[in-house]
Colleague: 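Sharing a structure, written as C-alpha cells. Questions coming.
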Amino acid sequence: MNIVILAAGQGKRMKSALPKVLQPLAGKPLLQHVLETTLALAPKAEPIVVIGHGAQQVQAFLTHLANLDKRFRNVKTVLQKEQKGTGHALLQALPKLKSGLPTLVLYGDVPLCSKETLNKLVRLSDGAVGLLTHHMQDPHGYGRIVRDVDNNVQAIVEEKDANPAIRSIQEINTGIMVLPTKQLGKWLKGIKAKNAQGEYYLTDVITMAVGAGIPVRSAQAAHDYEILGVNDRTQLAELERVLQRQIAQALLENGVTLFDPHRIDVRGELRCGKDVWIDVGCVFEGIVTLADQVRIGPYCVIKNTHIDEGTVIEAFSHLDGAKIGPANRIGPYARIRPDTELASDVHVGNFVEVKNSKIASQSKANHLAYVGDSIVGSRVNIGAGTITCNYDGVNKHQTVIEDDVFIGSDTQLVAPVKVGRGATLGAGTTLTKDAPAGKLTVSRAKQISVEWQRPTKLKSASSKVKKIARK
C-alpha cells in the first residue's frame, strides 16, 4: 500500500512560526501521531510526506525522528512549492507511488484517526475508491457527501461551492481516502481549479471515479475525534484533552490509581508497574518508568526518568533525566537534574537540588542543599545549607564524599575536593582541601564578643523642620 500524508499547509490560524503539523499534541508533533498510526497499520510501508510551508523545519524534524527511531527511516518527502490545494499536493507525490498498489491519503493535521478505522477503510476499498465519511450535527466548514437515490456516493461538494440544499447535508468528507493508483494520475491531471477558492481539490476525483464506473465505498470512524483536524489553538486544546483522557483511561485499566483522571498530562510515554499511585496535576514528559508501588505526589513534573519500586515522590518535585533507585523518598519541592543516579533508601528533601551526581544507599540531604557533579557514598548525612561549589566560572569540578561522612549545616565544599570515609565536617566549614578520613574538620573564624552600641536611626533634617513648623 502507498501512503501519502499531506503536510504542506501553513496553518495561518495557529498564528505561529512553527508549521502546523509540528504543533505539539501530548508532547509529540501532530505529524508524528499520524506517522505512528501509519506504521502501526503497515509496518513495512514507506510513507510519503508532502511538505511545503516550513519545509526545512518539517524535513529537519523527520530527519531527527529517523535518527531517534529506526521505524521512521523509510519515510520519504516531496515538496509542494506552491500550495494550490490537496489535488495539487497529491500530484507531487505521484512519481513515487507504486502503480500496482492502492494509495491511502492522510493528513498531517488529523492526528487521532485510529489504526482500526483506517484498516476498515482499506479492506472496504479492495479495488474501489474508499472514502472515510462522518455524520455531524454541525457540519459547518466541511465538504458534503452527495448521494443518489440508491445511496451511492456521487460527489463531494466543498461548503464554499455548495447551495443551501447541499449545505443541509450532515454527512461530511473527512478527506481520508483510498484511491486506485493506476487511475490516479489521469484523475489528478484532469482536476480544474474552477471553484470558490481557485484550488485543485482532491475531492474532484470522486466525481471522476463515478464517471469511470468505479464504485465509491464509504466507511465511518468509530469516534468523532478521529476525523477532527487542527486549524487553530482552540481545536488543538480540545484534542489535547481528548488524548489525555484516553491516556488516563488506559492507565486506569492497567491498574494505576489516578486521584483525578482529568488532571494528569502525559507528554510522551508513561510506563507503570503494579499499584502505582499518581496524585493530581502531575506532568510526565519523554519516557518515564514508574515501577511497582511508586507513589507520585501532587503537581510533580517528571521527564525522561526511571523510578524503581516503592519510591515516593512528594509534592511539587521536578525530576529530569534521572535514575531513581528503590525505596527512595524525594521532596517535597526537590529538583533532580539530568545524569543523577540515586541508589536505594536515599532521602532528598525539600528545596534540595541534585545534578550529575551519584548518591549511594541510605544517604540523605533533607533540606536546602545543592549537590552537583559529586560522588556520594553510603550513609552520608548532608546538612541543611550545604553546597558543592562545583563551578569555577569556566569549568565544572567533582566532589567525592566517601561512606559514613557527616557534613554539618551551612558547609561549602569547593571542588575538586574529597572527604574521606567517616569524616565529620563542622557546621559552617568552607572546605578547600581534602578532609581526612575519620577526623573532624572545621574551618571557622574565631568567635569573639565585644562591647558595642547598637546604632539608632538618625533623625532627618526634614523631620526637624516639621517640628519647628508645628511650634
Colleague: Check whether any side-chain heavy atom of Asn2 sits under 4.5 Å from a side-chain heavy atom of Ile48, and report yes or no.
Modeller: no
Colleague: With a 4.0 Å cut-off, would you call Lys96 and Glu46 a salt bridge?
Modeller: no
Colleague: Under 4.0 Å between a Lys/Arg side-chain N and an Asp/Glu carboxylate O for Lys355 and Asp339?
Modeller: no
Colleague: How long is the span from the NE2 atom in His223 to the SG atom in Cys113, to the nearest 0.5 Å?
Modeller: 11.0 Å
Colleague: Between Arg337 and Asp320, is there a salt bridge with N-O shorter than 4.0 Å?
Modeller: no
Colleague: Okay, side chain of Asn119, backbone of Lys115: is any donor-acceptor separation there less than 3.5 Å?
Modeller: no
Colleague: Using atom types as modelled, flag every donor-acceptor pair under 3.5 Å from a side chain in residues 60-67 to any protein atom, sequence neighbours excluded.
Modeller:
residue: Thr63; atom: OG1; partner: Gln59; partner atom: O; Å: 3.0
residue: Asn67; atom: ND2; partner: Thr63; partner atom: O; Å: 3.2

Colleague: Which residues pass the ring pair (Phe, Tyr, Trp, His ring centres under 6.0 Å) test with Phe259, sequence neighbours left out?
Modeller: Trp277
Colleague: Please report the interatomic distance CZ(Phe351) to CG(Leu368), rounded to the nearest 0.5 Å.
Modeller: 7.5 Å
Colleague: With a 4.5 Å cut-off on side-chain heavy atoms, are Val419 and Leu413 touching?
Modeller: yes
Colleague: State the CD1-CD distance between Ile51 and Gln80, to the nearest 0.5 angstrom.
Modeller: 10.5 Å
Colleague: Ignoring hydrogens and geometry, is there a side-chain-to-backbone donor-acceptor pair from His33 to Leu25 under 3.5 Å?
Modeller: yes
Colleague: Nearest 0.5 Å please: distance from the CD atom of Gln170 over to the CE atom of Met136.
Modeller: 10.0 Å
Colleague: Of the non-hydrogen atoms in Arg233 and Met14, which two are nearest, and what is the gap between them?
Modeller: NE-O, 3.1 Å
Colleague: Are Ile359 and Val354 packed together at the side-chain level, in the sense that at least one heavy-atom pair is separated by less than 4.5 angstrom?
Modeller: yes
Colleague: Quick test of your reading of the model: are Arg421 and Asp403 salt-bridged, counting only N-O distances below 4.0 Å?
Modeller: yes
Colleague: Is any side-chain N of the basic residue among Lys274 and Asp292 closer than 4.0 Å to the acidic one's carboxylate O?
Modeller: no
Colleague: Output yes when Arg241 and Asp265 qualify as a salt bridge under the 4.0 Å nitrogen-oxygen rule, no when they do not.
Modeller: yes
Colleague: Do you know which two heavy atoms are closest between Cys282 and Asp279, and how far apart they sit?
Modeller: SG-O, 3.6 Å
Colleague: Where do Ile3 and Ala42 come nearest, in terms of heavy atoms and distance?
Modeller: CD1-CB, 4.2 Å
